[in-house]
Amino acid sequence: MDNFSINYNIGFGAKPIPKSVIDKTKKDLLDKNINRIDIYCHSSADEDTINSAKVFYNWLTKYGKDVKICVPKAEIEKLYFSTKDYNLKGCNNVIPDKSVVLDFNSKERLSLEYCDLFKNNLPQNVIGYDHHAPSNMLKGDFYIDDSAKSCCGVLTRFFEGLGEKLSKNDRKNLYCGMVSDYKKSGLLSLNRTENGYNLIKKDKLLKDKNSLEVFDKLDKSIGNKDKQEIYTHLDPLARLTNDEKQLQEKLFSELQVSPNGKMAYVVIPPNDKLWKKVGMDTPTTSEILKDLRIQVSMDSQKVNMLSEEQKKKMKNVDTVIAFYQKDNEYRMSIHSKSNSALKMVDYIRENINPSLIAGGHSDRAGGKVDSLKKEDVNNFINSFIKASDIL
């Protein structure tokens, strides 16, 4: 893993990491002259990025490093995270000796709160581990396996190759991030019962040799009580407030279908009162939107919250997009059973909007426009509707 390079793996998910990559990371970060290290999570932090950061933080502090996690406090309030156990980077602009980027590689996913600080990093002082395809990359030394289904899976391979035993808490952290992202990718699901949760491995996971292997290793190392704690945490839909339930029902009822019938989409307009009332983009509303996208894209005919009339219109739907506001940005998130998410992004860039900010995986992706103006928002939404009719 040479400086300013991408070590890029293609194949089955969460492949073992070459020893040379691990050794270089260890040498670069544990050097006696390295003291201050910042760890960056991506904007709109999720379980995968924050749990990756926690485990890396614990590893580095074990060797006496002064570590800070760069993530806005407001984004982690409902995540599997305790602020008393970790030091967050404040407003100071103290430049670290090294910076670690986890679960993203693009400039657009860098949190606005830390953009100016990151710009002061020299590329040779940036180390990244990720599972997203390269897109408008940050400068640094990145290891990317875009066939892996979570960054926590990549880091499980990292510590496996490092040969250091993980604590019980670190195994739980990696497991939480992995289950969360595996749910997003449709590799597994959690079935809520009267006696707790049953985890169901889908065919998609059973056919993915390495993703299954890395999952099973963690799964076997964690007791059922700890698993149930994690599963409960990862199911905010079981504890929705009345306003959140109202939002969920509203979103399903307002789903629209593209002219060719292959894409369903829901639009939450800027400054929507109910969206603002529930806190806009939170871990819970993110789960509501994700659940909608997955259910309808996988099999719309089995979705209980859809009317019979809606099901008729959506019988050929395999791609679902949610459009919504986050602060002063307007965003979209896609799930696609036909793996057309990035195809749509590429088509829009090539034929409609070369400046489109978007990226992700073939089956799920996200994007945004840095504006809430009606014209900009409408153009953003319409570009995906047009792309869906072509592809």
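Salt bridge absent: Glu287 and Lys78 never bring a charged side-chain N and a carboxylate O closer than 4.0 Å. The pair Glu244-Arg239 does not count as a salt bridge, with every side-chain nitrogen at least 4.0 angstrom from each carboxylate oxygen. Salt bridge Arg364/Asp181: present, at least one basic N to carboxylate O contact under 4.0 Å. With salt bridges taken as basic N to acidic carboxylate O contacts below 4.0 Å, one links Asp363 and Lys204. With salt bridges taken as basic N to acidic carboxylate O contacts below 4.0 Å, one links Lys168 and Asp226. Classification of Lys311 and Glu308 as a salt-bridged pair holds, one side-chain N sitting under 4.0 Å from a carboxylate O. For the pair Glu254 and Lys250, the salt-bridge criterion is met [side-chain N within less than 4.0 Å of a carboxylate O]. Taking the charged nitrogens against the carboxylate oxygens, Asp208 and Lys149 do have a contact shorter than 4.0 Å, which makes a salt bridge.
Shortest non-hydrogen contact noted between Tyr175 and Leu218 is N-CD1, 3.8 Å. Between Cys152 and Gly177, the shortest heavy-atom distance links the atoms SG-CA, 3.7 Å. Taking both residues in full, the closest heavy atoms of Lys290 and Lys184 are given as CD-CG, 3.3 Å, listed atom of the first, atom of the second, then distance. Across all non-hydrogen atoms, the minimal contact from Phe380 to Arg331 is CE2-C, 3.9 Å. Residues Asn105 and Ala133 approach most closely at ND2-O, 3.5 Å, considering heavy atoms. Nearest heavy-atom pair, Ile222 versus Lys227, reported as atom, atom and distance to 0.1 Å: O-CE, 3.1 Å.
Here Lys119 pairs with Asp116 under the salt bridge (charged side-chain N to carboxylate O under 4.0 Å, His left out) rule; sequence neighbours left out. Applying the side-chain hydrogen bond (donor to acceptor under 3.5 Å, both in side chains) test to Asp23 and every residue at least two apart in sequence or in another chain returns Lys19.
Hydrophobic clustering (ILVMFWY, side-chain heavy atoms < 4.5 Å, transitive): Leu205 and Leu174 are in one cluster. Both Val296 and Met305 are part of a single hydrophobic cluster, where members link through side-chain heavy atoms under 4.5 Å apart.
Residues Lys68 and Asn87 have side chains that never bring a donor and an acceptor to within less than 3.5 angstrom of each other. With no hydrogens or angles considered, a side-chain donor-acceptor pair links Ser333 and Tyr324 at under 3.5 Å.
Put simply, CD on Glu77 and OG1 on Thr83 are 9.0 Å apart, with the number rounded to the nearest 0.5 Å. Note: Ile230 CD1 to Leu190 CG = 10.5 Å, rounded to the nearest 0.5 Å. Atom OH of Tyr231 and atom CZ of Arg192 lie 15.0 Å apart (nearest 0.5 Å). For the atom pair Thr25 OG1 and Lys98 NZ, the distance stands at 9.5 Å (nearest 0.5 Å).
Side-chain contact between Val267 and Tyr330 is present, with heavy atoms from C-beta onward closer than 4.5 Å. By the 4.5 Å heavy-atom criterion applied to side chains, Ser99 and Asn125 are not counted as neighbours. The closest side-chain heavy-atom distance from Leu162 to Phe159 is below 4.5 Å.
The stretch residues 367-384 participates, sequence neighbours left out, in these side chain to side chain donor-acceptor pair (under 3.5 Å) pairs: Glu329-Lys368, Ser371-Asp376.
Ring-plane geometry between Tyr86 and Tyr57 is classed as perpendicular, the angle between the planes exceeding 60 degrees on a 0 to 90 degree scale with a lower cut at 30.
Val126 pairs with exactly one of Asp38, Asn121, Leu138, Asp141 by the side chain to side chain contact (heavy atoms under 4.5 Å, CB included) rule, that one being Asn121. Screening Arg109, Glu75, Glu108 for a side chain to side chain donor-acceptor pair (under 3.5 Å) involving His42 leaves a single residue, Arg109. Put simply, the residue from Val100, Leu110, Val71 that forms a side chain to side chain contact (heavy atoms under 4.5 Å, CB included) with Tyr40 is Leu110.
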